[in-house]
Q: 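To start, I am sharing the structure in question, which I have written as C-alpha coordinates.
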Protein chains: 2
Amino acid sequence: MDEKDDFDVQFFLPYLLNQASEVASDGFQKIYKDRYGMLRTDWRVLFHLGIYGRMTARDIGRMAQVHKTKISRAVARLETRRFLLREEDAADRRVEHLTLTSAGQAAYRDLRGVARNYEARLVAGLDPQDVVALRRALLHLSGR
Amino acid sequence: MDEKDDFDVQFFLPYLLNQASEVASDGFQKIYKDRYGMLRTDWRVLFHLGIYGRMTARDIGRMAQVHKTKISRAVARLETRRFLLREEDAADRRVEHLTLTSAGQAAYRDLRGVARNYEARLVAGLDPQDVVALRRALLHLSGR
DNA sequence: AGGTAATAGTTGATTTTGTAACTAACAACG
DNA sequence: CGTTGTTAGTTACAAAATCAACTATTACCT
(Lines give C-alpha, C1' and ligand atoms only; values in the text may rest on other atoms or scores of the structure.)
Protein backbone atom coordinates (compact mmCIF):
# COMPACT_ATOMS: atom_id res chain seq x y z
CA MET A 1 0.00 0.00 0.00
CA ASP A 2 2.82 2.34 0.83
CA GLU A 3 6.54 2.72 0.17
CA LYS A 4 7.98 1.94 3.60
CA ASP A 5 5.11 0.20 5.29
CA ASP A 6 6.75 -1.80 8.01
CA PHE A 7 3.84 -1.18 10.32
CA ASP A 8 1.62 -4.06 11.41
CA VAL A 9 -1.54 -3.59 13.46
CA GLN A 10 -1.25 -7.10 14.76
CA PHE A 11 1.69 -5.98 16.88
CA PHE A 12 0.45 -2.53 17.78
CA LEU A 13 0.31 -2.56 21.56
CA PRO A 14 -3.13 -1.01 22.14
CA TYR A 15 -4.54 -3.44 19.57
CA LEU A 16 -2.81 -6.45 21.07
CA LEU A 17 -3.83 -5.43 24.57
CA ASN A 18 -7.40 -5.11 23.51
CA GLN A 19 -7.45 -8.48 21.77
CA ALA A 20 -5.95 -10.27 24.74
CA SER A 21 -8.16 -8.38 27.13
CA GLU A 22 -11.32 -9.33 25.28
CA VAL A 23 -10.41 -12.97 25.00
CA ALA A 24 -9.50 -13.07 28.67
CA SER A 25 -12.65 -11.25 29.75
CA ASP A 26 -15.08 -13.23 27.65
CA GLY A 27 -14.55 -16.60 29.22
CA PHE A 28 -15.02 -15.20 32.69
CA GLN A 29 -17.91 -12.99 31.64
CA LYS A 30 -19.84 -15.95 30.36
CA ILE A 31 -19.84 -17.41 33.85
CA TYR A 32 -20.84 -14.40 35.93
CA LYS A 33 -23.40 -13.44 33.34
CA ASP A 34 -24.98 -16.89 33.10
CA ARG A 35 -24.84 -17.56 36.81
CA TYR A 36 -25.80 -14.20 38.27
CA GLY A 37 -26.84 -12.00 35.37
CA MET A 38 -24.01 -9.61 36.19
CA LEU A 39 -22.26 -7.12 33.96
CA ARG A 40 -18.58 -6.31 34.10
CA THR A 41 -18.87 -3.45 36.54
CA ASP A 42 -21.17 -5.53 38.72
CA TRP A 43 -18.62 -8.23 39.42
CA ARG A 44 -15.95 -5.63 39.98
CA VAL A 45 -18.01 -3.92 42.64
CA LEU A 46 -18.84 -7.31 44.12
CA PHE A 47 -15.18 -8.29 44.24
CA HIS A 48 -14.07 -5.04 45.76
CA LEU A 49 -16.61 -5.37 48.53
CA GLY A 50 -15.86 -9.07 48.90
CA ILE A 51 -12.16 -8.49 49.28
CA TYR A 52 -11.86 -5.18 51.05
CA GLY A 53 -15.12 -5.19 52.98
CA ARG A 54 -17.16 -2.05 53.57
CA MET A 55 -16.43 0.65 50.99
CA THR A 56 -18.08 3.70 49.45
CA ALA A 57 -18.96 3.95 45.77
CA ARG A 58 -16.37 6.67 45.45
CA ASP A 59 -13.58 4.49 46.78
CA ILE A 60 -14.50 1.60 44.53
CA GLY A 61 -14.51 3.95 41.56
CA ARG A 62 -11.09 5.30 42.45
CA MET A 63 -9.59 1.90 43.02
CA ALA A 64 -11.05 0.28 39.92
CA GLN A 65 -10.67 3.39 37.79
CA VAL A 66 -14.34 3.28 36.86
CA HIS A 67 -16.58 6.30 36.36
CA LYS A 68 -19.06 7.06 39.11
CA THR A 69 -22.12 6.65 36.89
CA LYS A 70 -21.08 3.10 36.10
CA ILE A 71 -20.57 2.37 39.77
CA SER A 72 -23.88 3.97 40.62
CA ARG A 73 -25.73 1.74 38.20
CA ALA A 74 -23.85 -1.39 39.21
CA VAL A 75 -24.64 -0.69 42.86
CA ALA A 76 -28.30 -0.22 42.00
CA ARG A 77 -28.37 -3.55 40.15
CA LEU A 78 -26.60 -5.37 42.96
CA GLU A 79 -28.93 -3.83 45.50
CA THR A 80 -32.00 -4.91 43.53
CA ARG A 81 -30.69 -8.44 43.53
CA ARG A 82 -30.04 -8.20 47.26
CA PHE A 83 -26.30 -8.66 46.93
CA LEU A 84 -25.42 -5.52 48.87
CA LEU A 85 -26.71 -3.05 51.41
CA ARG A 86 -26.25 0.69 51.69
CA GLU A 87 -25.87 2.50 54.99
CA GLU A 88 -25.51 6.22 55.14
CA ASP A 89 -22.55 7.73 56.86
CA ALA A 90 -23.26 9.24 60.26
CA ALA A 91 -21.06 12.27 59.79
CA ASP A 92 -21.45 12.98 56.07
CA ARG A 93 -24.84 12.32 54.62
CA ARG A 94 -23.61 12.38 51.03
CA VAL A 95 -21.64 9.21 51.63
CA GLU A 96 -23.01 5.69 51.46
CA HIS A 97 -21.16 2.73 52.85
CA LEU A 98 -21.69 -0.46 50.93
CA THR A 99 -21.46 -3.99 52.27
CA LEU A 100 -22.29 -7.38 50.84
CA THR A 101 -25.28 -9.29 52.12
CA SER A 102 -24.73 -12.97 52.83
CA ALA A 103 -26.06 -13.70 49.34
CA GLY A 104 -23.50 -11.24 48.00
CA GLN A 105 -20.74 -12.92 49.95
CA ALA A 106 -21.80 -16.31 48.68
CA ALA A 107 -21.76 -15.05 45.11
CA TYR A 108 -18.38 -13.47 45.70
CA ARG A 109 -16.86 -16.65 47.10
CA ASP A 110 -18.27 -18.65 44.25
CA LEU A 111 -16.91 -16.30 41.61
CA ARG A 112 -13.61 -15.93 43.37
CA GLY A 113 -13.15 -19.66 42.98
CA VAL A 114 -14.11 -19.45 39.36
CA ALA A 115 -11.68 -16.58 38.87
CA ARG A 116 -8.81 -18.54 40.41
CA ASN A 117 -9.43 -21.52 38.18
CA TYR A 118 -9.96 -19.37 35.17
CA GLU A 119 -6.73 -17.49 35.65
CA ALA A 120 -4.85 -20.72 36.18
CA ARG A 121 -6.12 -21.95 32.84
CA LEU A 122 -5.20 -18.67 31.19
CA VAL A 123 -1.57 -18.71 32.29
CA ALA A 124 -1.21 -22.47 31.82
CA GLY A 125 0.05 -22.09 28.27
CA LEU A 126 2.50 -19.33 29.13
CA ASP A 127 6.10 -19.32 30.21
CA PRO A 128 6.03 -18.48 33.96
CA GLN A 129 8.67 -15.82 33.44
CA ASP A 130 6.53 -14.21 30.79
CA VAL A 131 3.64 -14.18 33.23
CA VAL A 132 5.73 -12.25 35.73
CA ALA A 133 6.83 -9.80 33.06
CA LEU A 134 3.27 -9.56 31.80
CA ARG A 135 1.86 -8.58 35.17
CA ARG A 136 4.66 -6.10 35.77
CA ALA A 137 4.14 -4.52 32.37
CA LEU A 138 0.36 -4.38 32.72
CA LEU A 139 0.59 -2.80 36.14
CA HIS A 140 2.94 -0.20 34.78
CA LEU A 141 0.81 0.52 31.73
CA SER A 142 -2.32 0.92 33.78
CA GLY A 143 -0.46 3.50 35.78
CA ARG A 144 0.57 2.12 39.18
CA MET B 1 -14.17 -10.71 54.70
CA ASP B 2 -13.29 -14.37 54.51
CA GLU B 3 -11.08 -16.91 56.22
CA LYS B 4 -8.45 -17.53 53.56
CA ASP B 5 -8.88 -14.55 51.31
CA ASP B 6 -5.57 -14.31 49.52
CA PHE B 7 -7.29 -13.18 46.34
CA ASP B 8 -6.69 -9.71 44.97
CA VAL B 9 -8.58 -8.32 42.01
CA GLN B 10 -5.77 -5.94 41.29
CA PHE B 11 -3.68 -8.86 40.09
CA PHE B 12 -6.43 -10.85 38.43
CA LEU B 13 -5.29 -11.16 34.86
CA PRO B 14 -8.52 -10.28 33.01
CA TYR B 15 -8.85 -7.24 35.26
CA LEU B 16 -5.25 -6.16 34.76
CA LEU B 17 -5.49 -6.70 31.03
CA ASN B 18 -8.59 -4.61 30.84
CA GLN B 19 -7.09 -1.77 32.85
CA ALA B 20 -3.97 -1.64 30.74
CA SER B 21 -5.96 -2.00 27.55
CA GLU B 22 -8.23 0.89 28.39
CA VAL B 23 -5.41 3.18 29.36
CA ALA B 24 -3.52 2.28 26.20
CA SER B 25 -6.57 2.69 23.97
CA ASP B 26 -7.75 5.97 25.39
CA GLY B 27 -4.74 8.05 24.48
CA PHE B 28 -4.84 6.85 20.91
CA GLN B 29 -8.61 7.08 20.68
CA LYS B 30 -8.53 10.72 21.60
CA ILE B 31 -6.46 11.42 18.51
CA TYR B 32 -8.41 9.49 15.87
CA LYS B 33 -11.66 10.70 17.35
CA ASP B 34 -10.66 14.36 17.47
CA ARG B 35 -8.94 14.32 14.11
CA TYR B 36 -11.28 12.16 12.04
CA GLY B 37 -14.34 11.48 14.18
CA MET B 38 -13.58 7.77 14.06
CA LEU B 39 -14.62 5.03 16.43
CA ARG B 40 -12.48 2.10 17.43
CA THR B 41 -13.68 -0.24 14.72
CA ASP B 42 -13.30 2.52 12.15
CA TRP B 43 -9.57 2.92 12.64
CA ARG B 44 -9.14 -0.82 12.68
CA VAL B 45 -10.81 -1.19 9.34
CA LEU B 46 -8.80 1.76 8.04
CA PHE B 47 -5.56 0.21 9.23
CA HIS B 48 -6.32 -3.19 7.81
CA LEU B 49 -7.03 -1.70 4.41
CA GLY B 50 -4.05 0.63 4.71
CA ILE B 51 -1.66 -2.18 5.51
CA TYR B 52 -2.97 -5.14 3.58
CA GLY B 53 -4.65 -3.36 0.69
CA ARG B 54 -7.90 -4.57 -0.85
CA MET B 55 -9.91 -6.77 1.52
CA THR B 56 -13.47 -7.88 2.11
CA ALA B 57 -15.43 -7.06 5.24
CA ARG B 58 -15.42 -10.71 6.09
CA ASP B 59 -11.65 -10.95 6.00
CA ILE B 60 -11.20 -7.87 8.12
CA GLY B 61 -13.63 -9.30 10.63
CA ARG B 62 -11.76 -12.57 10.77
CA MET B 63 -8.37 -10.98 11.11
CA ALA B 64 -9.37 -8.42 13.70
CA GLN B 65 -11.75 -10.78 15.49
CA VAL B 66 -14.57 -8.28 15.18
CA HIS B 67 -18.22 -9.13 14.59
CA LYS B 68 -19.60 -8.50 11.12
CA THR B 69 -22.21 -5.99 12.27
CA LYS B 70 -19.50 -3.82 13.74
CA ILE B 71 -17.50 -4.05 10.54
CA SER B 72 -20.58 -3.34 8.45
CA ARG B 73 -21.29 -0.15 10.35
CA ALA B 74 -17.68 0.96 10.40
CA VAL B 75 -17.47 0.45 6.63
CA ALA B 76 -20.66 2.50 6.19
CA ARG B 77 -19.20 5.33 8.25
CA LEU B 78 -15.89 5.27 6.40
CA GLU B 79 -17.70 5.22 3.08
CA THR B 80 -19.83 8.22 4.05
CA ARG B 81 -16.68 10.12 4.87
CA ARG B 82 -15.17 9.04 1.54
CA PHE B 83 -12.33 7.09 3.13
CA LEU B 84 -13.07 3.89 1.25
CA LEU B 85 -14.73 2.46 -1.84
CA ARG B 86 -16.66 -0.74 -2.34
CA GLU B 87 -16.48 -2.80 -5.50
CA GLU B 88 -18.53 -5.90 -5.94
CA ASP B 89 -16.84 -9.15 -6.72
CA ALA B 90 -17.22 -10.31 -10.32
CA ALA B 91 -17.73 -13.96 -9.45
CA ASP B 92 -19.63 -13.75 -6.15
CA ARG B 93 -22.08 -10.95 -5.82
CA ARG B 94 -22.37 -11.29 -2.05
CA VAL B 95 -18.80 -10.17 -1.68
CA GLU B 96 -17.59 -6.58 -1.61
CA HIS B 97 -13.98 -5.64 -2.00
CA LEU B 98 -12.94 -2.61 -0.02
CA THR B 99 -10.16 -0.20 -0.83
CA LEU B 100 -9.05 3.11 0.61
CA THR B 101 -9.57 6.29 -1.36
CA SER B 102 -6.65 8.68 -1.44
CA ALA B 103 -8.25 10.52 1.47
CA GLY B 104 -8.40 7.21 3.29
CA GLN B 105 -4.77 6.52 2.55
CA ALA B 106 -3.80 9.96 3.77
CA ALA B 107 -5.70 9.42 7.00
CA TYR B 108 -4.10 6.01 7.37
CA ARG B 109 -0.59 7.34 6.90
CA ASP B 110 -1.25 10.13 9.34
CA LEU B 111 -2.61 7.81 12.00
CA ARG B 112 0.07 5.23 11.39
CA GLY B 113 2.63 7.88 12.31
CA VAL B 114 0.64 8.78 15.38
CA ALA B 115 0.41 5.11 16.31
CA ARG B 116 4.16 4.65 16.03
CA ASN B 117 4.88 7.60 18.25
CA TYR B 118 2.16 6.64 20.67
CA GLU B 119 3.47 3.14 21.06
CA ALA B 120 6.99 4.42 21.53
CA ARG B 121 5.75 6.56 24.39
CA LEU B 122 3.85 3.65 25.88
CA VAL B 123 6.82 1.32 26.03
CA ALA B 124 9.25 4.05 27.00
CA GLY B 125 8.81 3.39 30.70
CA LEU B 126 9.13 -0.36 30.36
CA ASP B 127 12.04 -2.74 30.50
CA PRO B 128 12.68 -3.77 26.86
CA GLN B 129 12.76 -7.41 27.86
CA ASP B 130 9.38 -7.05 29.49
CA VAL B 131 8.06 -5.56 26.27
CA VAL B 132 9.16 -8.63 24.37
CA ALA B 133 7.60 -10.91 26.95
CA LEU B 134 4.49 -8.74 26.98
CA ARG B 135 3.95 -9.03 23.25
CA ARG B 136 4.61 -12.75 23.29
CA ALA B 137 2.15 -13.27 26.14
CA LEU B 138 -0.53 -11.07 24.59
CA LEU B 139 -0.25 -12.83 21.27
CA HIS B 140 -0.60 -16.15 22.99
CA LEU B 141 -3.56 -15.04 25.10
CA SER B 142 -5.38 -13.64 22.10
CA GLY B 143 -5.00 -17.04 20.52
CA ARG B 144 -2.33 -16.98 17.83
C1' DA C 1 -32.70 -29.41 -11.68
C1' DG C 2 -34.66 -28.60 -6.95
C1' DG C 3 -34.51 -28.23 -2.25
C1' DT C 4 -31.72 -27.28 1.87
C1' DA C 5 -27.97 -25.34 4.05
C1' DA C 6 -24.36 -21.97 4.34
C1' DT C 7 -22.30 -17.38 3.60
C1' DA C 8 -21.75 -12.03 3.04
C1' DG C 9 -23.58 -8.34 4.51
C1' DT C 10 -27.43 -5.21 6.38
C1' DT C 11 -31.09 -3.69 9.43
C1' DG C 12 -33.92 -3.16 13.64
C1' DA C 13 -34.88 -3.70 18.48
C1' DT C 14 -32.87 -3.87 22.95
C1' DT C 15 -29.19 -3.09 26.21
C1' DT C 16 -25.35 -0.72 27.78
C1' DT C 17 -22.34 3.08 27.88
C1' DG C 18 -20.94 7.98 27.80
C1' DT C 19 -21.75 12.81 28.68
C1' DA C 20 -23.78 16.45 30.89
C1' DA C 21 -26.65 18.25 33.91
C1' DC C 22 -28.66 17.78 38.18
C1' DT C 23 -29.62 17.31 43.63
C1' DA C 24 -28.07 17.31 48.08
C1' DA C 25 -24.69 17.93 51.32
C1' DC C 26 -20.41 19.65 53.08
C1' DA C 27 -16.11 22.98 53.07
C1' DA C 28 -13.76 27.20 53.01
C1' DC C 29 -13.23 31.78 53.27
C1' DG C 30 -14.59 36.46 53.63
C1' DC D 1 -23.36 33.48 59.01
C1' DG D 2 -23.51 33.67 53.69
C1' DT D 3 -21.86 33.06 49.35
C1' DT D 4 -18.97 30.37 46.40
C1' DG D 5 -16.78 26.10 45.40
C1' DT D 6 -16.41 20.92 45.90
C1' DT D 7 -17.84 16.42 46.48
C1' DA D 8 -21.03 11.99 46.49
C1' DG D 9 -24.17 10.15 44.03
C1' DT D 10 -28.26 10.00 40.63
C1' DT D 11 -30.75 10.85 36.45
C1' DA D 12 -31.78 12.06 31.57
C1' DC D 13 -30.59 11.92 26.99
C1' DA D 14 -27.59 10.70 23.17
C1' DA D 15 -24.21 7.51 21.29
C1' DA D 16 -22.74 2.99 20.66
C1' DA D 17 -22.60 -2.12 21.31
C1' DT D 18 -25.15 -6.40 21.17
C1' DC D 19 -28.19 -9.84 19.40
C1' DA D 20 -31.55 -11.62 16.42
C1' DA D 21 -33.73 -11.53 12.34
C1' DC D 22 -33.52 -10.43 7.65
C1' DT D 23 -32.11 -10.25 2.27
C1' DA D 24 -29.55 -11.85 -1.31
C1' DT D 25 -26.58 -14.95 -3.13
C1' DT D 26 -23.86 -19.17 -3.63
C1' DA D 27 -22.73 -24.15 -2.33
C1' DC D 28 -24.05 -28.70 -1.52
C1' DC D 29 -26.46 -32.89 -2.13
C1' DT D 30 -29.51 -36.30 -4.00
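Just so you know, these numbers come straight off a predicted model, no measurement behind them. Throughout, a chain's letter reflects where its sequence line sits, starting with A, and its residues are numbered from 1.
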Q: Using a 3.5 Å distance criterion without hydrogens, assess whether the side chain of Thr101(A) forms a donor-acceptor pair with backbone atoms of Arg82(A).
A: yes
Q: Partners of Arg73(B) by salt bridge (charged side-chain N to carboxylate O under 4.0 Å, His left out), sequence neighbours excluded?
A: none
Q: Using the salt bridge (charged side-chain N to carboxylate O under 4.0 Å, His left out) criterion, which residues pair with Asp26(B)? Sequence neighbours excluded.
A: none
Q: In whole Å, I'd like the distance from the CD atom of Glu88(B) to the C1' atom of dG9(C).
A: 13 Å
Q: Establish, with yes or no, whether the OP1 or OP2 oxygen of dT7(C) is under 4.0 angstrom from a side-chain nitrogen or oxygen of Arg62(B).
A: no
Q: Under 3.5 Å, side-chain donor or acceptor atoms of residues 121-129 of chain A against the rest of the protein: list the pairs with distances, not counting sequence neighbours.
A:
residue, atom, partner, partner atom, Å
Asp127(A), OD1, Gln129(A), N, 2.9

Q: Please list all pairs passing the salt bridge (charged side-chain N to carboxylate O under 4.0 Å, His left out) test where one or both residues lie in residues 89-106 of chain A, with sequence neighbours left out.
A: Arg86(A)-Glu96(A), Asp92(A)-Arg94(A)
Q: If the condition is side chain to side chain contact (heavy atoms under 4.5 Å, CB included), which residues does Ser72(B) pass it with, not counting sequence neighbours?
A: none
Q: For Phe47(A), which residues count as a ring pair (Phe, Tyr, Trp, His ring centres under 6.0 Å) partner, sequence neighbours excluded?
A: Trp43(A), Tyr108(A), Phe7(B)
Q: Can you pull out every salt bridge (charged side-chain N to carboxylate O under 4.0 Å, His left out) where at least one residue sits in residues 39-48 of chain B? Sequence neighbours excluded, please.
A: Asp42(B)-Arg77(B)
Q: Identify, between Glu96(B) and Lys68(A), the residue whose nearest nucleotide on DNA chain C lies closer to the 5' end.
A: Glu96(B)
Q: Got a list of protein N/O to nucleotides 16-20 of chain D N/O distances below 3.5 Å?
A:
residue, atom, partner, partner atom, Å
dT18(D), OP2, Lys70(B), NZ, 3.1
dT18(D), O4, Arg73(B), NH1, 2.9

Q: Is Ser72(B) close enough to dG9(C) that one of its side-chain N or O atoms is under 4.0 Å from OP1 or OP2 there?
A: no
Q: I need the CG-C1' distance between Asp42(A) and dT15(C), as an integer number of Å.
A: 13 Å
Q: Ile60(B) has an atom CD1; how far is it from atom P of dT10(C), in whole Å?
A: 11 Å
Q: To the nearest angstrom, how far is Ile71(A) atom CD1 from dG9(D) atom P?
A: 10 Å
Q: Show the distances under 3.5 angstrom between N or O atoms of the protein and N or O atoms of nucleotides 24-27 of chain C.
A:
residue, atom, partner, partner atom, Å
dC26(C), OP1, Ala91(A), O, 3.4
dC26(C), OP1, Arg93(A), N, 3.0

